[in-house]
Amino acid sequence: MSTATDTVAVTGERRLTIAEAIREGIAEEMERDPRVFLIGEDVGIPGGFGGAFGVYLGLPEKFGHDRIIDTPISEKAIAGAAVGAAMMGMRPIPDMQYADFLFECMDELVNQAAKMRYMSGGKLKVPLVMRCPVGTANRGAQHGQCPESYFIHVPGLKVVAPSDAYVAKGIIKAAIRDDDPVLVFEHKLLYGSKGREQAGGLDLTAHVPVEDYVFPIGKALIKRIGSTITVVATHLTLYRCLAAAEELAKEGIDCEVIDPVSLQPFDTDTVFASVEKTGRLLIAHEDTLTGGWGAELAARVAEERLFSLAAPIKRVASYDVPLPVAPILEQAVVPTQARITDELRKLAKV
Amino acid sequence: MSTATDTVAVTGERRLTIAEAIREGIAEEMERDPRVFLIGEDVGIPGGFGGAFGVYLGLPEKFGHDRIIDTPISEKAIAGAAVGAAMMGMRPIPDMQYADFLFECMDELVNQAAKMRYMSGGKLKVPLVMRCPVGTANRGAQHGQCPESYFIHVPGLKVVAPSDAYVAKGIIKAAIRDDDPVLVFEHKLLYGSKGREQAGGLDLTAHVPVEDYVFPIGKALIKRIGSTITVVATHLTLYRCLAAAEELAKEGIDCEVIDPVSLQPFDTDTVFASVEKTGRLLIAHEDTLTGGWGAELAARVAEERLFSLAAPIKRVASYDVPLPVAPILEQAVVPTQARITDELRKLAKV
Amino acid sequence: MIPIDISGLTRDDAMHLYQEMLRIRRFEDRVYQLFLKGELPGTLHQYQGQEAVAVGACQALHSDPKNMDWITSTHRPHGHALAKGVSMRGAMAELYGKATGCCGGKGGSMHLGDPDVGMIPAIAIVAGGISVVSGLGLAFKLQKSGQVALCFFGEGASNEGAFHEGVNFAAVQKLPIVYVCENNMYGASTPFHKTSLVANVADRAAVYGIPSVIVDGMDVVAVRTAVAEARERAAAGGGPTLIEAKTYRFAGHSRGDARGYRTREEEAEWVDKDPIERMALAITSTGLADEAALAAVRVAVDTELEDSVEFSRNSPDPDPSDALTDAYATPITIGASS
Amino acid sequence: MIPIDISGLTRDDAMHLYQEMLRIRRFEDRVYQLFLKGELPGTLHQYQGQEAVAVGACQALHSDPKNMDWITSTHRPHGHALAKGVSMRGAMAELYGKATGCCGGKGGSMHLGDPDVGMIPAIAIVAGGISVVSGLGLAFKLQKSGQVALCFFGEGASNEGAFHEGVNFAAVQKLPIVYVCENNMYGASTPFHKTSLVANVADRAAVYGIPSVIVDGMDVVAVRTAVAEARERAAAGGGPTLIEAKTYRFAGHSRGDARGYRTREEEAEWVDKDPIERMALAITSTGLADEAALAAVRVAVDTELEDSVEFSRNSPDPDPSDALTDAYATPITIGASS
Ligand SMILES: Cc1ncc(C[n+]2csc(CCOP(=O)(O)OP(=O)(O)O)c2C)c(N)n1
Ligand SMILES: Cc1ncc(C[n+]2csc(CCOP(=O)(O)OP(=O)(O)O)c2C)c(N)n1
Ligand SMILES: [Mg+2]
Ligand SMILES: [Mg+2]
């Protein structure tokens with residue numbers, strides 16, 4: 001698994017982008033389980049896009065239009081159909097072109113998907129996997145949000161946020177096999193190699209073995225071992241933290257960087273163990289600060305490991321404003337590598 | 001203002017229930033500002049309910065059906081109409097019969113109400129006041145949620161949660177006069193005196209002066225002064241904390257109980273000052289634990305006042321499950337007075 | 001009062017329909033008493049007056065466990081549950097919040113259901129069932145199982161976006177779904193004509209390219225016939241049908257509704273169409289059976305009913321610890337804090 | 001190519017309509033080049049081919065500042081913005097993300113708008129404008145201002161719940177709203193006929209009890225006439241009208257769309273209906289003006305266009321600190337942490 005964290009290609013490795021890895025993961029699960037199907041807008045139209053980010057290209061030819069279902073622009077219908085089909089023994093993969101549109105089907109997710117099993121006294125299950133691309137990319141306030149934190153607050157839902165191809169393939173397969181509703185949040189700029197520059201120049205592909213594997217929901221990854229500060233981050237921000245860590249290593253600030261991968265359930269044990277070692281914690285995410293998942297993690301540490309802390313817990317996140325479109329404004333909102341480096345430096349000094 | 005916290009009636013006082021206070025506050029604002037109007041389901045039908053909890057009874061007779069607008073069962077239309085009218089210079093008060101239905105109009109709230117001003121470069125404003133009754137009352141998973149925490153995570157929205165008649169009237173008036181979208185969360189069991197038993201037997205009415213006043217958004221109230229533990233809580237849970245505090249006072253545990261009133265913006269200064277004094281913090285809310293507003297408050301204290309803490313921060317909230325209907329199950333989920341008392345005792349000992 | 005037309009029905013068939021409707025009526029009346037006595041927690045949305053719709057519709061569905069039809073229901077599900085086969089004991093115990101309830105005390109009045117008989121927990125979000133039923137139909141279509149999903153909803157629900165998205169999607173996908181709109185003229189206190197410029201919900205089907213029919217919702221046989229036809233079309237791949245049953249709720253919207261928004265005259269007109277009385281009249285006037293036979297049915301129903309009350313009273317409460325199970329099929333450690 | 005019918009139009013009127021459409025076409029073509037050159041951030045949803053709808057509709061609205069009509073727009077707002085009076089400089093600078101943009105660099109391509117000319121920021125959530133426009137109409141109704149709100153949306157948006165709830169509410173409330181559906185046959189890659197069993201969006205108006213009309217969206221005069229009529233009805237208290245303009249987007253859905261889901265033949269058929277060419281042909285063939293006059297218009301448009309590009313290039317970037325303003329009208333201290 002540590003290969004997932006390599007940032008330089010080793011010859012002989014099979015390095016894929018996240019888009020390729022997810023496509024492969026979905027295809028494999030559709031092969032092995034006839035109950036799995038895809039449903040969403042523009043997912044399978046011949047001559048179309050293969051989903052908003054091309055992840056599904058080639059799948060309709062393989063699996064046909066019974067299992068790759070194109071819908072009207074009707075998010076409630078998509079989510080509702082997924083919830084209903086899941087209860088009847090299917091394994092739907094509903095697609096949201098942009099996570100920003102989840103707000104159009106919140107009722108189906110929060111009041112139906114998350115509660116049906118409980119209301120039935122445990123007689124039903126709702127296995128579905130909602131794919132939700134997040135992340136700002138100069139598209140403005142309604143096409144760049146990172147809404148994952150809303151969903152960790154919904155008992156009955158599981159939330160994951162893979163950041164590299166190895167994890168992405170493994171966890172989408174785990175999510176499809178899971179008996180509960182899982183929301184998978186993926187960052188637009190990490191799908192291919194376009195985002196490389198934004199990611200501090202780090203390679204965004206990862207080795208993906210050909211053998212079948214799953215990456216378990218609820219397990220974090222230590223992406224960099226260190227002793228000075230524990231850093232927990234996801235998606236593009238994770239790469240910025242890794243780049244910042246390399247930069248600071250030269251100054252003798254040795255960061256331990258953790259990719260939580262799952263946001264609900266959350267692998268607090270891995271974070272606790274690291275904080276016991278470092279005594280310092282910085283949490284970084286592109287989601288806005290107030291009420292973000294970083295708040296929950298900080299609260300748990302302040303409750304379970306308060307006496308391990310040698311310094312205040314620091315959160316670096318997008319400021320509490322909608323997303324502006326101008327690149328210069330956008331970068332003034334999101335957690336940049338510069339801001340992260342700066343805060344880490346300060347934190348090391350406390 | 002301290003009269004708002006009295007729990008015994010003083011002769012000559014004008015004690016109102018929260019329902020009466022809100023009705024009075026809305027009526028006064030409709031009197032003074034012709035731009036204010038009410039819109040929602042079953043709000044003004046002759047012979048009807050005056051809203052799900054009777055708060056609007058009498059208003060249609062006073063203000064007519066142009067300003068008390070009954071709608072189809074269409075939450076998106078209600079919220080959308082409010083957003084649009086607000087931008088055109090009106091001051092709508094959209095009504096959600098139960099806060100659980102907010103999930104049907106999340107897009108209008110999160111993507112439109114909260115972002116329109118920002119996207120316009122500050123040229124527009126969206127002054128609306130969404131009324132949202134919360135709280136469990138044996139109605140099951142879809143009619144008892146406390147979804148306020150989702151909205152503190154939405155930059156552009158303001159969130160308040162009044163817990164007594166004095167504050168309720170003052171803050172609904174402040175919200176109506178505010179130039180931004182404000183969501184007002186009120187607890188069903190606190191509207192009248194029905195909830196008294198659930199509230200540890202405390203009187204739920206409060207003195208409400210006849211003179212015009214507003215209670216400012218962003219200001220917390222110290223409901224009980226103490227020195228051992230700082231307790232921050234809202235709604236029904238606030239009363240349980242107050243009752244627990246009296247109980248524990250006999251044991252020499254002297255709690256300072258704070259009603260934050262506003263959740264976004266949040267009066268952290270009042271909490272910080274109290275924590276500096278007590279060194280101990282317990283946060284309690286009926287909203288579920290993970291990702292609740294208590295997490296954000298805990299994170300801020302762990303960041304800004306870590307070294308004032310003599311003990312871990314404790315959160316007492318509803319467990320992370322949907323709401324069951326059976327009273328015995330429901331009470332096993334929500335933060336009861338017994339659980340609060342128990343946790344306070346433990347925390348005092350750390 | 002005008003008896004319904006039961007020509008062609010056998011005695012057993014007619015008596016069965018009568019009994020099924022009576023089970024709901026007596027259940028609801030008894031539940032109301034129990035509620036007033038403080039034996040039942042929460043609130044109630046009752047079904048008296050609409051029995052012909054639930055019974056007529058469910059009687060047209062397949063209940064054979066191997067390819068069972070399913071239903072979705074609303075905040076007003078007692079009648080649907082009993083008609084679909086949820087046991088009276090299971091339904092009553094659920095209202096009591098007992099461990100023996102059909103949802104183990106986790107669902108309650110607004111969420112009655114039982115997967116074992118083809119009913120998912122009722123969805124109390126208006127039109128929520130219209131969103132979800134698409135998935136039931138889609139699953140049956142993909143599984144080529146021949147099953148059909150039936151969705152009950154009120155006329156008020158037809159103003160929700162979920163109605164538009166759900167019915168349009170089902171129509172385009174030709175899903176095996178039967179939509180049964182119970183138009184009881186009011187959504188809570190609000191008359192339908194104040195919320196729609198078209199008089200009939202059925203009129204809305206045309207824009208989705210699916211057939212619709214308006215049926216007398218106070219006539220159990222008429223409802224069953226309409227649903228049976230729609231069910232066959234759906235099962236044969238003909239896609240969904242929208243059936244609008246004109247009916248009336250005799251009780252208030254929820255307990256403690258003084259019904260000030262409608263007239264006593266209007267209520268009286270509809271009570272004169274009481275679906276159970278009209279059925280009884282049809283049975284006796286056609287000589288299919290006599291008063292004594294009907295009385296025997298009433299006794300049988302009351303026996304079942306009292307048994308369900310006794311059963312519920314004597315049933316154990318759920319264990320408080322049960323509250324923390326069933327949120328997930330694969331449990332996760334619930335938040336660290338208490 | 002068949003010229004449109006401009007009988008009755010004055011020379012100035014005809015030339016003005018031609019110029020307004022041309023402004024949009026040239027703007028979009030230029031913007032595409034600039035985008036490919038990397039001068040513009042983000043993405044683009046372009047309007048080439050649909051100019052007659054934006055121009056025809058906006059030309060029928062009142063622009064007098066004292067009782068100005070308003071519009072709502074979509075993810076494809078460039079044409080709507082220019083037609084409604086957003087300055088070319090303000091629109092271009094916004095695409096550049098400059099401080100001088102109509103939204104100060106905070107909105108961008110998908111959120112063009114300017115309250116000063118009666119356009120709220122375009123809403124890029126499909127059908128989002130249909131939700132919000134109800135409020136514009138409601139305000140105008142309550143204020144008895146005689147203003148009208150016009151809502152642009154695509155045929156794909158008519159499958160959203162917001163369409164159903166919004167139009168029904170507006171109909172019941174008789175709000176002064178004109179709905180203009182631009183049916184360009186595709187929602188992204190998806191043809192409308194795969195998402196609706198009815199062929200026309202206009203067919204859906206009947207269930208809301210409001211009038212609808214289908215108009216040639218490649219004929220600016222036809223659009224203007226239809227909208228003008230609907231506007232008068234709305235202003236007079238007659239409630240909303242749904243106008244469906246049959247049109248076509250010549251470009252891809254967004255930049256970099258290879259348009260593999262539609263045929264080149266289909267595209268050619270529609271290019272033959274180019275609203276600008278048909279207008280030009282009408283002007284010259286009727287002798288209202290000659291080629292030289294049209295050429296002069298083209299020069300004027302290009303001058304304005306190049307000025308807007310120069311203006312944008314020379315405009316300052318927003319100050320990074322501006323990013324943290326305007327979230328609230330009454331600022332609140334933004335979260336303690338950095
Ligand atoms: C989304 C949503 N909005 C509002 C409510 C509150 N509510 C419960 S029942 C009801 C009326 C429903 O009317 P109708 O659909 O005609 O069903 P009926 O009650 O007549 O059976 C309303 C408004 C709700 N439960 N869900
Ligand atoms: C709620 C929502 N769902 C999906 C999208 C993604 N999306 C953007 S434009 C578009 C197609 C819209 O089609 P139509 O309404 O016909 O407008 P057109 O693009 O043809 O102008 C889609 C699906 C969105 N922006 N908002
Ligand atoms: Mg009804
Ligand atoms: Mg289109």
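The sequence lines fix the lettering, A, B, ..., with proteins before strands; numbering per chain opens at 1. Remember, predicted model here, so these are calculated numbers, not experimental data.
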Start with the C-alpha distance between A/K346 and A/E343, add both sets of side-chain angles, then the distance that settles salt bridge (Lys or Arg N to Asp or Glu O under 4.0 Å), and finish with yes or no. CA-CA 5 Å; A/K346 281 193 225 148; A/E343 293 297 340; 3.2 Å; yes
Heavy-atom pairs under 4.5 Å with chain A - which of B/A302, B/A298, B/G121 has more of them than the others? B/A302
Taking A/P324, A/G140, A/A114 one by one, which has the highest count of heavy-atom pairs under 4.5 Å against chain B? A/P324
Counting only heavy atoms closer than 4.5 Å, note whether B/F307 contacts chain A via side chain, backbone, both or neither. side chain
As an exercise, state the distance from CD of B/Q331 to OG1 of B/T136, rounded to the nearest 0.5 Å. 7.5 Å
Begin from the C-alpha positions of B/S318 and B/T288 and carry the test side-chain hydrogen bond (donor to acceptor under 3.5 Å, both in side chains) through to its verdict. CA-CA 4 Å; B/S318 286; B/T288 50; over 6 Å; no
Interface residue of largest heavy-atom contact number with chain B, from A/I152, A/N111, A/L281, under 4.5 Å: A/N111
Between A/L309, A/L102, A/L306, A/L323, the one whose heavy-atom pairs under 4.5 Å with chain B are most numerous: A/L306
Please state whether the rings of B/F101 and B/H143 are parallel, tilted or perpendicular, taking 30° and 60° as the class boundaries. perpendicular
Specify which of A/V301, A/V325, A/I283, A/D287 makes the most heavy-atom pairs with chain B at under 4.5 Å. A/D287
Hey, are A/K219 and A/D267 close enough for a salt bridge, meaning a charged N less than 4.0 Å from a carboxylate O? no
Parallel under 30°, tilted from 30 to 60°, perpendicular over 60°: which one fits the rings of B/Y150 and A/H153? perpendicular
Among A/C105, A/G291, A/A311, which residue forms the greatest number of heavy-atom pairs with chain B at distances under 4.5 Å? A/G291
Heavy atoms only, distances under 4.5 angstrom: which of B/Q112, B/K76, B/E75, B/Q142 has the most pairs with chain A? Name it, please. B/Q142
